[in-house]
2 protein chains.
Amino acid sequence: MTESIESYALDEQVGYLLRLANQRHASIFQLHTLDGLTPTQFAALIRIADLGKCSQNRLGRLAAMDVATIKGVVDRLRKKGFAVVEPDPGDKRRTLISLSPEGETMVARMKDVGQQITNATLKPLTAAEQRNLIRILRKIS
Amino acid sequence: MTESIESYALDEQVGYLLRLANQRHASIFQLHTLDGLTPTQFAALIRIADLGKCSQNRLGRLAAMDVATIKGVVDRLRKKGFAVVEPDPGDKRRTLISLSPEGETMVARMKDVGQQITNATLKPLTAAEQRNLIRILRKIS
DNA sequence: CTTTGATTATTATAGTACGAACAATTGAAT
DNA sequence: ATTCAATTGTTCGTACTATAATAATCAAAG
């Protein structure tokens, strides 16, 4: 055997497969979403709804977004009229983020859509595989 | 029950979990990689190595990258000295991409590293879970 | 041989993502 | 009260991702 460690099957590497799975989900999301909301924006919106008024950095941490990333996301949510930004009276460093009434409505409408998106993404899998995937992904996240 | 479909557990949605898993993999990749090669660049490099000389669009398709994406990736691989670009003599639309000698060396060195990255990413999982994850991801990709 | 339709590559625009650097502010320890 | 370390938010640079529009080329059908 002259070529001992020659093969490297890209199509079986987690990293590559995760990228493909993400692509699939993103395109399904885009198909169902409302008002052009992206997966990231939706995640942030849900977090604000759950947390209530909170600082931008804290929101980013709890939505798994970088400080630089969450800034852009909040900017876009504000521009779309779903998020409201105000200075924290008790801490001049902080910016408090909250949902606008339109944001509340959007969250309510998007929760159903989100479920549809999840279902569509998982459609190729059996019920057992779906549960398994979620469980395993939670374990490595 | 006034609030029937109120709950939406973001932390159990595939989309969100896939994003987190991707983040994890990306940071592990960055930790092990050589010459600042990104997961995307590595995937493209592996494909060129497997395919041999091929057109940019074809490479993009087989590496699951958009035409606009593959262009940028190839540009950066060329700038790093790993890829070589030449016009196709038989088809003036096409640009042929191939590996430079340095690219060949890099692929050889990175195959081992790639395996380490995969192992590190899957480390929190049992062997059975690892096989399962790969199998399920392939099914929805 | 010319029209038509497809393919290829490029560009622009927009969003996600992260590291690094920065200034302002805060809280705590001296 | 002042110094010091940590936190917060911003900005910059780089990279990945996709859509849409464009121009050049090709192949095939008439």
Side-chain angles (χ1 to χ4, degrees), chain A residues 15-16 18-31 33 35-45 54-80 82-83 85-97, chain B residues 15-16 18-31 33 35-45 54-80 82-83 85-97:
Chain A
Y16 186 69
L18 283 174
R19 198 174 120 252
L20 297 195
N22 244 327
Q23 281 178 350
R24 173 182 158 77
H25 173 262
S27 82
I28 292 175
F29 195 102
Q30 202 189 357
L31 222 62
T33 195
D35 260 321
L37 219 60
T38 67
T40 312
Q41 289 166 15
F42 179 48
L45 220 54
C54 70
S55 84
Q56 185 176 283
N57 269 19
R58 179 166 149 74
L59 173 61
R61 276 194 301 273
L62 296 175
M65 294 173 207
D66 194 78
V67 279
T69 303
I70 192 64
K71 190 211 179 334
V73 173
V74 167
D75 281 353
R76 276 166 229 123
L77 287 178
R78 201 171 50 74
K79 192 180 291 178
K80 289 186 176 183
F82 298 139
V85 169
E86 57 183 321
D88 185 334
D91 188 335
K92 286 177 192 163
R93 295 169 304 177
R94 290 200 171 106
T95 304
L96 295 179
I97 319 292
Chain B
Y16 186 69
L18 284 173
R19 196 174 122 252
L20 296 195
N22 243 330
Q23 281 179 348
R24 173 181 160 77
H25 173 263
S27 82
I28 293 175
F29 194 102
Q30 202 188 358
L31 222 63
T33 195
D35 260 322
L37 219 61
T38 66
T40 312
Q41 289 167 17
F42 179 49
L45 220 54
C54 69
S55 83
Q56 185 176 282
N57 268 21
R58 180 166 149 74
L59 174 60
R61 276 193 300 273
L62 295 175
M65 294 173 207
D66 195 79
V67 278
T69 303
I70 192 63
K71 192 213 179 330
V73 173
V74 166
D75 281 352
R76 287 181 280 274
L77 287 177
R78 200 172 50 74
K79 192 180 292 180
K80 289 187 176 181
F82 299 140
V85 169
E86 58 182 319
D88 186 334
D91 187 338
K92 287 177 191 163
R93 296 168 303 176
R94 291 199 170 104
T95 304
L96 295 178
I97 319 292

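Predicted model only: the values in this text are computed from it and were never measured. Each chain gets a letter, A, B and so on, in the order the sequences are listed, and its residues count up from 1.
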Chemist: Using a 4.0 Å heavy-atom cut-off to protein, can you give one letter per nucleotide of nucleotides 16-25 of chain D, 5' to 3': B if the base is in contact, S if only the sugar-phosphate is, - if neither?
Modeler: SBBB----BB

Chemist: What is the distance, rounded to the nearest whole Å, between atom CG of A:Leu59 and atom P of D:dT7?
Modeler: 18 Å

Chemist: Whole-Å distance between C:dA17 C1' and A:Lys71 NZ?
Modeler: 16 Å

Chemist: Could you tell me the separation between the CD1 atom of A:Ile70 and the C1' atom of D:dT7, rounded to a whole number of Å?
Modeler: 17 Å

Chemist: Any side-chain heavy atom of B:Leu18 sitting closer than 4.5 Å to one from A:Leu18?
Modeler: yes

Chemist: Can you name the closest pair of heavy atoms from B:Leu45 and B:Phe82 and give their distance?
Modeler: CD1-CB, 4.0 Å

Chemist: Using heavy-atom distances to pick each residue's nearest nucleotide on DNA chain D, tell me which of B:Lys79 and B:Gly90 is more 5'.
Modeler: B:Lys79

Chemist: CD of B:Glu86 versus C1' of C:dA9: gap in Å, rounded?
Modeler: 16 Å

Chemist: Check the distance between D:dA15's P and B:Asp35's CG and give it to me in whole angstrom.
Modeler: 13 Å

Chemist: Please round to the nearest 0.5 Å and tell me the distance separating atom NZ of B:Lys71 and atom OG1 of B:Thr95.
Modeler: 8.0 Å

Chemist: Going by atom type alone, with no hydrogens or angles, which donor-acceptor pairs under 3.5 Å involve a side-chain atom of residues 55-70 of chain B and a protein atom two or more places apart or on another chain?
Modeler:
from    : atom 1 : to      : atom 2 : distance (Å)
B:Ser55 : OG     : B:Arg58 : N      : 3.2
B:Asp66 : OD2    : B:Ala68 : N      : 2.9

Chemist: Write down the distance between CG (A:Asp88) and C1' (C:dA24), rounded to a whole number of angstrom.
Modeler: 14 Å

Chemist: Distance check needed: D:dT11 P versus A:Asn57 CG, whole Å only.
Modeler: 14 Å

Chemist: Tell me: CZ of B:Arg94 to P of C:dA6, nearest whole Å?
Modeler: 16 Å

Chemist: Does the pair A:Asp88/A:Lys92 count as a salt bridge with the N-to-O cut at 4.0 Å?
Modeler: no

Chemist: Would you confirm whether B:Ser27, through its side chain, and B:Arg24, through its main-chain N or O, come within 3.5 Å as a donor-acceptor pair?
Modeler: yes

